[in-house]
Amino acid sequence: MVSPSTEQTIPKKLLGILATVILAMVATFFLTRPAETAVSYTPLSGLMTLKAMAAKAVPYEVAIASPQPTLIEFYADWCTTCQAMSSTIDTLHQEYAQQLNFVMLNIDDPQWASQVAEYGASGVPQFTLLDSAHHEVETFVGKVPKPVFKDFFAQVIG
């Protein structure tokens, strides 16, 4: 037979455990949800940005005939680093489009084989910065921070 004091302690213990579980669930929810201001990156969104940028890029022939400095990006649609860098390059393009030609050459397109060889594009993404006389200033391969681009843009624009 259960004593009256035992009958009252079981519900109290059960309530205490239940309250602890609920508190842990609420804490887990708030601690593990993503920040509302975080940028959501998916390969599909990166590929879409890459395609959109390629569509609005300055054609290679136009850039080479222009007196402005040029940034040539050698890329591939399948390249996840190219996709990840697409938002950075798009932001730079918006900021520097009046002072710098942004060219995008897909290394999988045979029409760019001579440019791939000329600029030694051995990995993607490759960013080749040309001055206004179309001499190579710098080449970067892989992920490049935005401040690095800005420093080199300042050199060729200023």
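Please read these numbers as outputs of a predicted model, since none were measured by experiment. Residues: numbered from 1 along the sequence shown.
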Asks: Would Val141 end up clustered with Met104 when hydrophobic side chains under 4.5 Å apart are linked, directly or stepwise?
Replies: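 Looking at the clustering, Met104 is in a separate group from Val141.
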Asks: Kindly compute the distance separating CG (Leu15) from CD1 (Ile17), expressed to the nearest 0.5 Å.
Replies: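 Between Leu15 CG and Ile17 CD1, I get 9.5 Å after rounding to 0.5 Å.
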Asks: Other residues, nucleotides and ligands only: do more than 12 of their heavy atoms fall within 6.0 Å of NZ on Lys146?
Replies: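 Above 12, so yes.
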Asks: Check whether Ile157 and Val144 end up in the same hydrophobic cluster, where Ile, Leu, Val, Met, Phe, Trp and Tyr are linked by side-chain heavy atoms less than 4.5 Å apart.
Replies: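 Ile157 clusters together with Val144.
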Asks: Within this structure, what is the CZ-CG distance for the pair Phe152 and Leu100, rounded to the nearest 0.5 Å?
Replies: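 Those atoms lie 13.5 Å apart.
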Asks: Does Leu105 share a hydrophobic cluster with Tyr75, counting links as ILVMFWY side-chain heavy atoms below 4.5 Å and allowing steps through other members?
Replies: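 Looking at the clustering, Tyr75 is in a separate group from Leu105.
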Asks: Should Glu95 and Lys150 be marked as a side chain to side chain contact (heavy atoms under 4.5 Å, CB included) after you check the CA-CA gap, both sets of side-chain angles, and the distance that decides it?
Replies: CA-CA 10 Å; Glu95 188 174 340; Lys150 286 186 167 206; 3.2 Å; yes
Asks: Transitively linked via ILVMFWY side-chain contacts under 4.5 Å: Met53 with Ile72?
Replies: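 They do not share one cluster, since no chain of ILVMFWY contacts under 4.5 Å joins Met53 to Ile72.
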Asks: With a 4.5 Å heavy-atom cut-off, do Thr81 and Val124 have their side chains touching?
Replies: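 Thr81 does not reach Val124 side chain to side chain.
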Asks: If we ignore angles and hydrogens, is there a donor and acceptor under 3.5 Å between the side chains of Thr70 and Gln68?
Replies: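 Looking only at side-chain atoms, Gln68 and Thr70 do not form any donor-acceptor pair under 3.5 Å.
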Asks: Establish whether Leu71 and Val62 are linked, either directly or via other cluster members, by ILVMFWY side-chain heavy-atom contacts under 4.5 Å.
Replies: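 Looking at the clustering, Val62 is in a separate group from Leu71.
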Asks: Donor-acceptor check, side chain of Gln126 to backbone of Tyr119, threshold 3.5 angstrom: yes or no?
Replies: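 Yes, the answer is positive, given that a donor and an acceptor are paired below the 3.5 Å cut-off.
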Asks: Report yes if some heavy atom in the side chain of Ser132 is under 4.5 Å from a heavy atom in the side chain of Pro67; otherwise report no.
Replies: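 Contact flag for Ser132/Pro67 side chains = no.
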Asks: Tell me every residue that passes side chain to side chain donor-acceptor pair (under 3.5 Å) with Thr88, counting only those two or more places apart in sequence or in another chain.
Replies: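 For Thr88 there are no side chain to side chain donor-acceptor pair (under 3.5 Å) partners, ignoring immediate neighbours.
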Asks: Measuring only between side-chain heavy atoms, which start at C-beta, is Glu73 closer than 4.5 Å to Leu50?
Replies: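 Yes, their side chains come closer than 4.5 Å.
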Asks: If I take atom CE from residue Met85 and atom CG from residue Leu92, how far apart are they, to the nearest 0.5 angstrom?
Replies: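 Atom-to-atom, Met85:CE and Leu92:CG are 8.0 Å apart.
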Asks: Looking only at the aromatic ring of each residue, does the gap between the centers of Phe149 and Tyr96 stay below 6.0 angstrom?
Replies: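 No, the ring centres sit 6.0 Å or more apart.
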Asks: Determine whether Phe74 and Gln115 make a side-chain contact, defined as any pair of heavy atoms from C-beta on separated by less than 4.5 Å.
Replies: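 Phe74 reaches Gln115 side chain to side chain.
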Asks: Does any N or O in the side chain of Asp109 come within less than 3.5 Å of the main-chain N or O of Trp112, such that one atom is a donor and the other an acceptor?
Replies: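 Checking the backbone N and O of Trp112 against the side chain of Asp109, no donor-acceptor pair under 3.5 Å is found.
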Asks: Working to the nearest 0.5 Å, report the span between CD of Gln94 and NZ of Lys56.
Replies: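 Here the rounded value is 5.0 Å.
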Asks: When you measure from the side chain of His134 to the backbone N and O of Ser66, does any donor-acceptor pair fall under 3.5 Å?
Replies: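 The answer is yes, because a donor-acceptor pair under 3.5 Å joins these two groups.
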Asks: Report the residues that fulfil side chain to side chain donor-acceptor pair (under 3.5 Å) with Asp151, sequence neighbours left out, ordered by chain and then residue number.
Replies: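 Side chain to side chain donor-acceptor pair (under 3.5 Å) list for Asp151, sorted by chain: empty.
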Asks: Using 30° and 60° as the class limits, which term best fits the ring planes of Phe102 and Phe153: parallel, tilted or perpendicular?
Replies: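 Because their plane-to-plane angle is over 60°, the rings of Phe102 and Phe153 count as perpendicular.
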Asks: What is the distance from atom OG1 of Thr139 to atom CG of Leu129, rounded to the nearest 0.5 Å?
Replies: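 The CG atom of Leu129 is 8.5 Å from OG1 of Thr139, to the nearest 0.5 Å.
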Asks: About how many Å separate CG of Asn101 and CD of Gln98, when rounded to the nearest 0.5 Å?
Replies: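 Interatomic distance, Gln98 CD to Asn101 CG, rounded to 0.5 Å: 10.5 Å.
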